[in-house]
Amino acid sequence: MKSEQQTRIELIDELLAQSGWNVKDQTQVIEEFNILTTRSKALAESRTTYQGHQFSDYVLLGKDGKPLAVVEAKKSSKDAAIGREQAKQYCYNIQQQQGGELPFCFYTNGHDIYFWDLEHYPPRKVVGFPTRDDLERFQYIRRNKKPLTQEQINTDIAGRDYQIRAIRAVLEGIDQQQRNFLLVMATGTGKTRTCIALVDTLMRAGHAEKVLFLVDRIALREQALAAFKEHLPHEPRWPKVGEKLIAKDRRIYVSTYPTMLNIIRDGVQPLSPHFFDFIVVDESHRSIYNTYQEVLNYFKTITLGLTATPTDIIDHNTFQLFHCEDGLPTFAYTFEEAVNNLPPYLCNFQVMKIQTKFQMEGISKRTISLEDQKKLLLEGQEVEEINFEGSQLEKQVINKGTNTLIVKEFMEECIKDPNGVLPGKTIFFCSSKAHARRMEEIFDELYPQYKGELAKVLVSEDPRVYGKGGLLDQFTNNDMPRVAISVDMLDTGIDVREIVNLVFAKPVYSYTKFWQMIGRGTRLLEARKPKPWCLAKEVFLILDCWDNFEYFKLQPQGKELQPQLPLPVQLVGLRLDKIEAANDRGQGAIAEQEVAKLRRQIAALPPNSVIIKEAAAALARLDDENFWVTLDHPKLEFLRTAIKPLFRTVSEVDFKAMRFERDLVAYGLARLQDDPAKAENLRESIVQRIGELPLSVNFVKAEEDLIRAAQTNRYWAEGDLTELETELDELNTRLGPLMKFRESSTSAGPVYLNLVDELHRKERVEFGPQHESVSISRYREMVEAVIAELTASNPVLMKLKNGEEIAPEEADALATLLHAEHPHITEDLLRQVYQNRKARFIQFIRHILGLETLQSFPESVSEAFDQFIRQHSRLSSRQLEFLNLLKTFIIERERVEKKDLISAPFTVIHPQGIRGVFSPAEITEILQLTERLAA
């Protein structure tokens, strides 16, 4: 058990050194810092009467020689929190003694470190000390930051009302000392732009100097870097093209989770855990807290999660990760809200369900055509042996004819470019890379005239996908390819606004992923130069070839995949069970052997992992040899609860060898527990894998005698358990490393067929928030078709088309003509359909001819409110919520009276309605706005 002095020398001094502090250099660190205390206000408030000399264990100094931080040390066997109040008193006393700024507060027992930014945040556990640069940055931010509630938002970056509300909700939370936030915003509603505008505000207000934006794929990293470059061009970014090592002089860092995890762990480029002031976690989902939460545990700073997953589907752990109540994110904006907004912010979709005969009825003699049966017989195949369920397609059986039919149906039904020949931009979602390649071959075979350019496979491991001129860049910016065939890579985050078709050529079981995939098509074409292959986009088409919509209608939550225990954790768990079983049965020698192996595994845990660093106190117990003398049940339980979970950090190992070792340990445990049935099943599996080792490989050939012996019954005959352990050790040592050469004979691979499939069912599915809009759109199409037909012959329409003025009587004559031929064409109906109650008949005609742009009433209202919000960018989140409700109210009822603003629904926001939310001057401005809209 270490004394406090030993703890300081062996642990705390080393931790400080890792962050660049030399405790022997008194220009950096002063140990036993002398504090002369007097009765101060701070001491009075803390109810202590102590006066006289105090000695702080460490004081960390800035470059100017003034105290930056106090570190209070306790011995490793004590709870670090014992030093909490003591460290706080030292900070206030130093400030009183020396004047100047309040030092930052730390207390530690060498294993756990707590950081307390007094008067700003409660204490929080951290994994290391800040560097001197970190502390001076913290001090500068604390001294210069401005209140965020009054900071203007750059509406040129994110100017939509809901984006401003989202930003304001986070800014207000930061001002209230919150540190974790979650924004739920439908794909295509501008999560990245919202985040960039938020970062811009934080930087201008002096709250953040260094920001980290985390994504889960390289393609999304490039997309985010381009977005930051576009909107914050003067802020230096990392990485630049070709940069491998992390630079420490940038302001904005965009990284994938694996890259940042490697930077944290490898120790080659030490990065302080206090390096970032703000972290954005893009596409926050299960993988974060399963695999990459270590990154967030390392950089414990203000953190914002972004996700498009609908609120009612978000996993409990995601809410927990960002300290939100289940179902209550910081801010949410749904797909339905975006589609129903007037004008809409997102594009709605139509669904066509396509099912083939083989998908529905399977592939067997009953469903294969006679012609194909004859072909199979000529090829020497037994038709009776072919018997597959439809669900086995692309798994146990590959049928080219089914994929060919899907491609043909897609080419027939898809939304096409303006020429009506080629499909518009499309993503094909395939089940595997092999499936994607097969689809690519079918496109090339069916449409050779496009010379292999029509459809291309985009997968993440292909280096030709990335960068300027890469396949993703070609798909986004060039005429060809029109079809991107994807396996996971394009499921989330990719922003190609011209996508008008999505093809689900695979079943999807995750509701979250399903909606992320749909989100690839929801973006509208914004007002910018249109690309020739997509001049307009009012709706996009989903071809569902695997009944995914029906599946999620029946199972809205999708299929819950059981979390799989990592293999290293499984192995350690079995080893602990085996130690316990051996002890209970008096097999001390076996227990001793397994304990030695367990200790070697513990010693090999990655030392730079945050998870391992945070478990330093638990691991320190294992350094005492007395711990291992007798592993009783309480100690084994400690190992199971505190140590076994740490093995999820193990990644740099031969997993095939480890899987073999796991089964050997499990077999030995089954024999110890006298479970012959389980032992026999495990033995058969082990023998089968040994038999699959290829003797043609020299390394394997060298162990031929053992391989052949291990496949005999005599080798596994019942005998002494100690002798068995020797045999199992030999198998593990000699054959485990060879498992990477194993050739599995059990998975012979799928059956490949090329049978003609036929369409079983093709139907449009009603799906989306605006079924009622179909009749309106048809009416508009009818009116526009009539106008187009008459333009070539009607003199009034010809004059309008040529830009000539027409007399009122000519306009009346045209209206009479149109109404006589088509009684449904009236000014009143046109006002309803085009949602403009002020325009006259001739204005609608000019609008249809493309000579004039008429705004609908909802568009006028939305634009007026957006402009009002941009002009008042300091509005609070509650004020923004009130304005959003008022906008909806006016669009629905077309006018609002003063008395309405102090009644429901406005009293939901404040009991006094508008009076409880806005000042009198602001209310006057809002009333002027509503009067202009009603005029």
Side-chain angles (χ1 to χ4, degrees), residues 1-15 17-18 73-82 108-114 125-128 264-265 267 294 297-298 565-584 587-653 658 661-662 665 668-669 725 729 732:
M1 189 175 293
K2 290 182 173 64
S3 66
E4 184 178 314
Q5 187 62 27
Q6 286 176 303
T7 299
R8 286 173 59 174
I9 294 169
E10 296 175 22
L11 299 177
I12 300 173
D13 288 3
E14 176 59 29
L15 288 169
Q18 289 172 11
K74 295 299 172 191
K75 62 182 179 180
S76 61
S77 59
K78 286 192 173 182
D79 184 348
I82 293 171
T108 179
N109 60 5
H111 298 309
D112 300 328
I113 305 170
Y114 289 88
K125 191 177 178 184
V126 294
V127 297
I264 290 168
R265 282 191 177 185
E294 187 171 334
N297 287 353
Y298 187 78
L565 212 56
L567 183 60
V569 178
Q570 293 178 41
L571 176 57
V572 169
L574 284 167
R575 183 149 278 145
L576 290 169
D577 292 346
K578 191 172 178 182
I579 292 167
E580 188 170 38
N583 282 336
D584 290 348
Q587 295 286 345
I590 294 176
E592 196 174 312
Q593 287 176 10
E594 294 299 331
V595 167
K597 293 172 188 173
L598 175 64
R599 294 186 71 175
R600 286 196 292 272
Q601 282 182 273
I602 292 169
L605 285 167
N608 290 324
S609 164
V610 178
I611 293 167
I612 303 305
K613 288 180 178 178
E614 287 188 326
L619 288 166
R621 280 190 63 184
L622 310 186
D623 293 337
D624 185 354
E625 285 298 324
N626 291 326
F627 178 90
W628 299 98
V629 173
T630 305
L631 277 186
D632 54 20
H633 290 288
K635 286 181 182 177
L636 284 166
E637 192 55 32
F638 167 76
L639 289 168
R640 284 193 181 96
T641 56
I643 306 301
K644 185 177 82 169
L646 303 180
F647 282 84
R648 68 185 186 275
T649 62
V650 174
S651 57
E652 303 298 320
V653 292
M658 183 175 281
E661 182 181 11
R662 177 201 62 188
V665 173
L669 175 60
E725 287 302 315
D729 273 351
N732 185 52

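Only heavy atoms go into these numbers, but all of them, side chains included; no hydrogens, no water, no symmetry mates. Numbering of residues begins at 1 and proceeds along the displayed sequence. Quick caveat: nothing in here was measured; it's all calculated off a predicted structure.
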task = Could you grab the distance from atom OG1 of Thr641 to atom CG of Leu636, nearest 0.5 Å is fine?
result = 10.5 Å
Flag side-chain contact, heavy atom, 4.5 Å: Leu619 against Ile643 = yes
inquiry  = What I'd like to find out is whether the side chain of Asp577 reaches to under 4.5 Å of the side chain of Arg640, using heavy atoms alone.
reply    = yes
Ion pair Arg575/Glu661, N-O distance below 4.0 Å = yes
query = Is any side-chain heavy atom of Glu614 less than 4.5 Å from a side-chain heavy atom of Val127?
reply = yes
task = Using a cut-off of 6.0 Å, state whether more than 12 heavy atoms not belonging to Glu592 lie near its atom CD.
result = no
remark   = Note: Pro606 and Ile612 closest approach over all heavy atoms is O-CG1, 3.2 Å
request  = Could you grab the distance from atom NZ of Lys578 to atom CD of Glu725, nearest 0.5 Å is fine?
outcome  = 3.0 Å
request  = Looking only at non-hydrogen atoms, find the nearest pair between Ala73 and Arg8 and report the distance.
outcome  = CB-CG, 3.7 Å
task = Step by step, work out the side-chain contact (heavy atoms from CB on, under 4.5 Å) result for Gln5 and Ile9.
result = CA-CA 6 Å; Gln5 187 62 27; Ile9 294 169; 3.5 Å; yes
inquiry  = With a 4.5 Å cut-off on side-chain heavy atoms, are Thr7 and Lys78 touching?
reply    = no
Sub-4.5 Å side-chain heavy-atom contact between Asn297 and Lys125 = no
key: Check against side-chain contact (heavy atoms from CB on, under 4.5 Å), Asn608 and Tyr298   = CA-CA 11 Å; Asn608 290 324; Tyr298 187 78; over 6 Å; no
task = With rounding to the nearest 0.5 Å, note down the distance linking CD in Glu10 to CG in Leu15.
result = 12.0 Å
ask   = Out of curiosity, Asn583 CG to Glu594 CD, how far, rounded to the nearest 0.5 Å?
value = 11.0 Å
query = From His111 NE2 over to Ser77 OG, what is the distance, rounded to the nearest 0.5 angstrom?
reply = 9.0 Å
request  = Kindly indicate whether the side chain of Val629, heavy atoms from C-beta on, has any atom under 4.5 Å from the side chain of Glu625.
outcome  = no
task = Taking all non-hydrogen atoms of both residues into account, name the closest pair between Pro566 and Arg648 and its distance.
result = CG-CB, 4.1 Å
query = So do Ile602 and Phe647 actually touch side chain to side chain, heavy atoms under 4.5 Å?
reply = yes
inquiry  = Show the nearest heavy-atom pair for residues Ala642 and Ala618, with the distance to one decimal.
reply    = CB-CB, 4.3 Å
query = Any ion pair linking Lys597 and Asp729 (charged N to carboxylate O, less than 4.0 Å)?
reply = yes
inquiry  = Using modelled atom types and a 3.5 Å cut-off, is there a donor and acceptor pairing between side-chain atoms of Lys635 and backbone atoms of Phe627?
reply    = yes
query = Considering all heavy atoms of both residues, which atom of Ser609 and which atom of Glu294 are nearest to each other, and what is their separation?
reply = OG-OE2, 2.9 Å
task = Flag the pair Leu639 / Leu631 as yes when at least one side-chain heavy-atom distance between them is below 4.5 Å, and no otherwise.
result = yes
task = Please round to the nearest 0.5 Å and tell me the distance separating atom CG of Asp79 and atom OH of Tyr114.
result = 6.5 Å
Worked verdict on Val650 versus Leu605 for side-chain contact (heavy atoms from CB on, under 4.5 Å) = CA-CA 7 Å; Val650 174; Leu605 285 167; 3.9 Å; yes
key: Any donor-acceptor N/O pair, Lys644 side chain to Val572 backbone, under 3.5 Å   = no
request  = Sort out for me which residue in Asp112, Ile12, Leu11 forms a side chain to side chain contact (heavy atoms under 4.5 Å, CB included) with Ser76.
outcome  = Leu11
query = Okay, side chain of Arg599, backbone of Ala596: is any donor-acceptor separation there less than 3.5 Å?
reply = no
query = How close do Ala581 and Leu669 get, heavy atom to heavy atom, and via which atoms?
reply = CB-CD1, 3.8 Å
